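Please read these numbers as outputs of a predicted model, since none were measured by experiment.
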Amino acid sequence: MVSAWPPAASLNVWRTMSEPKSEFLRAMTARGFMHQCTAFDALDEMAAGPKPMAGYIGFDCTADSLHVGSLVQIMMLRWLQRTGHKPIVLMGGGTTKIGDPSGKDEARQLITPETIQKNMAGIRVVFEKFLTFGDGPTDAIMVDNADWLDSLAYIPLLRDVGRHFSVNRMLTMESVKLRLERDQPLSFLEFNYMVLQAYDFAELARRYGCALQMGGSDQWGNIVMGADLARRMDGAEVFGLTTPLITLASGAKMGKTAAGAIWLNEDRLSAYDYWQFWRNVADGDVGRFLRLFTDLPLAEIARLEALPDAEINEAKKVLATEATAMAHGQAVADQAAETARRAFELNASDADLPSVALPKADMAAGLPAYEALRLAGLVASNGEGRRLIKGGGARLNDQVIRTDDQIIGLADLGESGGVKLSAGKKRHVLLRPA
């Protein structure tokens, strides 16, 4: 049960004057997920009813992992399940073949069916950490929209589905307006994306009784179109709900950093680096992120975000460990926290630091410091490595690297069996000979 109403620290665009009846919408509003909603009261009635309600979010398969920019949507599905309802994870095996134009200045590169299947398998690994899958009434299911989109015939689609869409209205969609205003081409292929996304909602309502589509605020127009199509075609009672745009206190987009995307799969980003991402959030983000990205009770979150001055760092550690436990397991999260404690609080090198293996022959020959930093994943390019060294932010075995052409090799191996490279005070990697 979500605690007292109304939430004192809510940052939502959306507001309500009374406490929702359903535990699901209480969680959505009190924890900061709510931005826009179609027919809020009717959705609240359904969610408070005796039967589990099915809701879905769609994810296109453009990479073999999701990053933290998708974590708000994943957490919405998690809360849907935790409050007694059924999450549907819709994989875009069909729509990925087209590409969502929302927020894009140009068309995505087309992805082969083989790559889409590989990406889908990687994404499933993410969801198995956050949701319980199975055959029960509130167990999550994962479905692929290629199951129905690939078999659609063009003329029947135009006749049965296309007649419910107004081109005038479609031209007002943000994804279309953005391209037109910037004189960027929008292909007929991409223009159809919103039709297929709307059809997904209608098809899920038919097949699974799905009554709710959720997504980010950039998907509002598509979600409303889907709800409208399901009502027009089948008279289904369905709803849409979106989240606000989640940004960092700096204004940067959630999910991206100077070092690259914060991936949810450990083969793309180590659990230690994932822990460090959450540990290093700005003070102003701590309470908001604890509400969005952990299951902690709101009363405990209120206590943590009220910690004064330097004590807020303890709240950041809680955030980092809770978030990492969801994505990688409690034991891994605890290990990452302990590794950080020993590396920073005890100022000690640690064999458990993230490591990158390099051919022993390369390390025997020696590498310029800027290249070693790049190979360690601490910088994205040799140029960035040179700038880091010039600014005094690069270290070798805890000693400042003075020149970018300093050679790093086997002679620099420490007791841990690796060469410790650092970017700033908080990011460390061991280069190990393989």
Side-chain angles (χ1 to χ4, degrees), residues 65-72 74-75 78 125-130 246 248-250 252 254-296 300-301 304-305 307 310-356 376-380 393 395 398 416 418 420-432:
S65 173
L66 300 175
H67 58 65
V68 295
S70 297
L71 194 53
V72 169
I74 296 172
M75 290 299 295
R78 181 178 175 88
V125 173
V126 173
F127 282 100
E128 288 172 344
K129 304 288 183 65
F130 289 85
I246 306 297
L248 305 177
S250 64
M254 185 72 177
K256 301 283 187 178
T257 69
I262 305 301
W263 298 102
L264 299 179
N265 283 21
E266 194 167 5
D267 59 353
R268 297 291 296 268
L269 183 77
S270 73
Y272 178 82
D273 283 339
Y274 190 75
W275 190 94
Q276 284 292 336
F277 167 76
W278 296 106
R279 167 62 181 83
N280 294 327
V281 300
D283 293 359
D285 285 331
V286 176
R288 183 166 58 115
F289 286 179
L290 282 166
R291 282 187 286 276
L292 288 169
F293 302 120
T294 79
D295 294 335
L296 289 177
E300 174 64 7
I301 293 172
L304 288 169
E305 69 177 328
L307 291 173
E311 290 184 41
I312 196 67
N313 287 327
E314 296 306 312
K316 293 181 183 182
K317 293 173 189 177
V318 172
L319 168 63
T321 301
E322 291 289 325
T324 304
M326 280 192 192
H328 300 293
Q330 189 65 56
V332 173
D334 290 341
Q335 182 181 16
E338 176 61 14
T339 298
R341 185 187 72 84
R342 295 177 66 184
F344 303 128
E345 296 177 15
L346 303 181
N347 196 27
S349 180
D350 196 307
D352 290 332
L353 286 174
S355 64
V356 173
L378 292 170
V379 295
R395 285 176 169 76
D398 297 320
S416 64
K420 183 180 178 183
L421 291 175
S422 305
K425 297 180 180 179
K426 298 179 179 179
R427 300 184 63 229
H428 311 278
V429 172
L430 292 179
L431 285 183
R432 297 182 186 275

Which residues pass the side-chain contact (heavy atoms from CB on, under 4.5 Å) test with [X], sequence neighbours left out?
X: S70; value: F59, L66
X: D285; value: L248, A249, V281, A282, R288, F289
X: S270; value: Y272, D273, P354
X: A376; value: L378, L421, V429, L431

Mind checking side-chain hydrogen bond (donor to acceptor under 3.5 Å, both in side chains) for [X] and listing every partner two or more places apart, or none if nothing turns up?
X: S422; answer: H428
X: R395; answer: none
X: N313; answer: none

Taking all atoms of both residues into account, what is the closest heavy-atom pair of [X] and [Y], and its distance?
X: H67; Y: I262; value: CB-O, 3.0 Å
X: K316; Y: D283; value: NZ-OD1, 2.6 Å
X: W263; Y: S65; value: CZ3-O, 3.2 Å
X: W275; Y: T324; value: CA-OG1, 3.4 Å

Could you walk me through whether T294 and I301 pass side chain to side chain contact (heavy atoms under 4.5 Å, CB included), step by step?
CA-CA 9 Å; T294 79; I301 293 172; 4.3 Å; yes

Take F293 and W278, measure what ring-ring contact (aromatic ring centres under 6.0 Å, His included) needs, and give me the verdict at the end.
CA-CA 10 Å; F293 302 120; W278 296 106; 5.1 Å; yes

V356 and L430, any side-chain heavy atoms less than 4.5 Å apart:
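No - every pair of side-chain heavy atoms lies 4.5 Å or more apart.
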
Within a strict 4.5 Å, meaning less than it, do heavy atoms of the L319 and L304 side chains meet?
no

Listed by chain and number, what are the salt bridge (Lys or Arg N to Asp or Glu O under 4.0 Å) partners of D295, not counting sequence neighbours?
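Testing D295 for salt bridge (Lys or Arg N to Asp or Glu O under 4.0 Å), a comparison that skips the adjacent residues, returns R78, R82.
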
Excluding sequence neighbours, so at least two apart, what forms salt bridge (Lys or Arg N to Asp or Glu O under 4.0 Å) with R279?
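Checked R279 against salt bridge (Lys or Arg N to Asp or Glu O under 4.0 Å); zero matches.
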
Keeping K129 on the side-chain end and M326 on the backbone end, is there a donor-acceptor pair under 3.5 Å?
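Absent.
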
